[in-house]
Amino acid sequence: GDVSLENSKIGRFSTSSASGEVRLSEVETENIDIDTASGEVSLSKIAGNIPVTLDTISGEVYIEDVETKELRIGTVSGDITLSKVSGQTVGFSTTSAGVELNGADFKEISFVTVSGDIHGTVSGSSDDYTVYAETISGSNNLSSHKGRGQRTLDLSSTSGSFDISFEK
């Protein structure tokens, strides 16, 4: 079944679902832990610098206007979209899912995949980042990046492509 929670305050949020959608909006909590097989996950307007863990097999993930301390997303094939999301660290682990970043603002971004692509924009300038980007057969627009900044982009893939732009 579906789980939907909005405009609420709870201690901790943890749920599992086989195929139902999970939607959280304007929720105040200490942490979020969601595990779903094929249901879509949607988080919006969540503040508080909290840890968030999302695991899905094929469900898509949409996160917008969220502040996290640590964001961990694991998926096999469900695509991931982040818009106006910030925090200390974000880690993506996928098999074939793609990741779209729209103004991601993290100190550290890591992405490990077999064949998924990551593209979009990150906050700051290219000089703000130390970049580690390795793909065996995918394209990589960061291959010539030489910056040694305070932020980190650590991207690894077998056949996925990287296309990241900096907002400044």
Enquirer: With rounding to the nearest 0.5 angstrom, report the CG to CG distance, L54 to L43.
Expert: 5.5 Å

Enquirer: Mind checking the OG1-CG spacing from T56 to D35? Nearest 0.5 Å is all I need.
Expert: 8.0 Å

Enquirer: Taking all atoms of both residues into account, what is the closest heavy-atom pair of D105 and S123, and its distance?
Expert: CB-OG, 3.4 Å

Enquirer: Pick out which of V41, I34, L82 makes a side chain to side chain contact (heavy atoms under 4.5 Å, CB included) with I73.
Expert: L82

Enquirer: Apply side chain to side chain donor-acceptor pair (under 3.5 Å) to E67 and list each qualifying residue two or more places apart in sequence or on a separate chain.
Expert: none

Enquirer: May I ask you to check whether S83 and N102 show a side-chain donor-acceptor distance below 3.5 Å?
Expert: yes

Enquirer: Apply salt bridge (charged side-chain N to carboxylate O under 4.0 Å, His left out) to residues R151 and D127 and explain how you reach the verdict.
Expert: CA-CA 9 Å; R151 296 180 182 216; D127 290 337; over 6 Å; no

Enquirer: Hey, does V27 have a side-chain heavy atom less than 4.5 Å from the side chain of I32?
Expert: no

Enquirer: Can you establish whether the number of heavy atoms outside E134 located under 6.0 Å from its atom CD is more than 12?
Expert: no

Enquirer: If you take all heavy atoms of N31 and T29, which pair is closest and at what distance?
Expert: O-OG1, 3.3 Å

Enquirer: For a quick check under 3.5 Å, do E64 and Y62 share a side-chain donor-acceptor pair by atom type?
Expert: no

Enquirer: Applying side chain to side chain donor-acceptor pair (under 3.5 Å), name anything that partners T15, two or more places apart in sequence or on another chain.
Expert: none

Enquirer: Report yes if some heavy atom in the side chain of I80 is under 4.5 Å from a heavy atom in the side chain of T75; otherwise report no.
Expert: yes

Enquirer: If you round to the nearest 0.5 Å, how far is OG of S38 from CD1 of I57?
Expert: 8.0 Å

Enquirer: Only one of I136, N140, T135 clears side chain to side chain contact (heavy atoms under 4.5 Å, CB included) with S157; which?
Expert: T135

Enquirer: Start with the C-alpha distance between V122 and F106, add both sets of side-chain angles, then the distance that settles side chain to side chain contact (heavy atoms under 4.5 Å, CB included), and finish with yes or no.
Expert: CA-CA 8 Å; V122 295; F106 289 89; over 6 Å; no

Enquirer: Output all residues satisfying side chain to side chain donor-acceptor pair (under 3.5 Å) with S19, sequence neighbours left out; order by chain, then residue number.
Expert: none

Enquirer: Which heavy atom of T89 sits nearest to which heavy atom of E70, and what is that distance?
Expert: OG1-CG, 3.3 Å

Enquirer: What's the verdict on side chain to side chain contact (heavy atoms under 4.5 Å, CB included) for F111 and I109, showing C-alpha distance, side-chain angles and the deciding distance?
Expert: CA-CA 7 Å; F111 176 65; I109 297 172; 5.5 Å; no

Enquirer: Which atom pair, heavy atoms only, marks the closest approach of R72 to S110?
Expert: NH1-OG, 4.1 Å

Enquirer: Please work out whether the ring planes of H145 and F166 are parallel, tilted or perpendicular, with thresholds of 30° and 60°.
Expert: perpendicular

Enquirer: So do V85 and L71 actually touch side chain to side chain, heavy atoms under 4.5 Å?
Expert: yes

Enquirer: So S96 and S77, side chain to side chain donor-acceptor pair (under 3.5 Å) or not? Walk me through it.
Expert: CA-CA 5 Å; S96 61; S77 61; 5.0 Å; no

Enquirer: Given side chain to side chain contact (heavy atoms under 4.5 Å, CB included), test T81 with V61 step by step and report yes or no.
Expert: CA-CA 6 Å; T81 302; V61 175; over 6 Å; no

Enquirer: Please list, one pair per line, the donor and acceptor atoms closer than 3.5 Å that link side chains of residues 112-120 to other protein atoms, with sequence neighbours excluded.
Expert:
| residue | atom | partner | partner atom | Å |
| --- | --- | --- | --- | --- |
| T113 | OG1 | T94 | O | 3.4 |
| T113 | OG1 | T94 | OG1 | 2.7 |
| T113 | OG1 | T95 | O | 3.2 |
| T113 | OG1 | S115 | N | 3.4 |
| T113 | OG1 | G116 | N | 2.9 |
| S115 | OG | T95 | O | 3.4 |
| D117 | OD1 | S161 | N | 2.8 |

Enquirer: Is the backbone of E108 close enough, under 3.5 Å, to the side chain of T152 for a donor and an acceptor to pair up by distance?
Expert: no

Enquirer: Please report the interatomic distance NZ(K84) to CG(L101), rounded to the nearest 0.5 Å.
Expert: 15.0 Å

Enquirer: Side chains of L153 and I164: does their closest heavy-atom pair fall under 4.5 Å?
Expert: yes

Enquirer: Please report the interatomic distance CD1(I50) to CD(E28), rounded to the nearest 0.5 Å.
Expert: 9.5 Å

Enquirer: Enumerate the residue pairs fulfilling salt bridge (charged side-chain N to carboxylate O under 4.0 Å, His left out) with a member in residues 37-47, sequence neighbours excluded, ordered by first and then second residue.
Expert: R23-E40

Enquirer: Hey, what do you get for CG (D65) to OG (S44), rounding to the nearest 0.5 Å?
Expert: 7.5 Å

Enquirer: Do F13 and V22 come within less than 4.5 Å of each other through their side chains, counting heavy atoms only?
Expert: yes

Enquirer: When you check the gap from the basic side-chain N to the acidic O, do R148 and D128 get nearer than 4.0 Å?
Expert: no

Enquirer: Considering only distance and modelled atom types, tabulate donor-acceptor pairs under 3.5 Å from the side chains of residues 2-11, sequence neighbours left out.
Expert:
| residue | atom | partner | partner atom | Å |
| --- | --- | --- | --- | --- |
| D2 | OD1 | E21 | N | 2.9 |
| S8 | OG | E6 | O | 3.0 |

Enquirer: Please report the shortest heavy-atom distance between S156 and F162, naming the atom on each side.
Expert: N-CZ, 3.9 Å

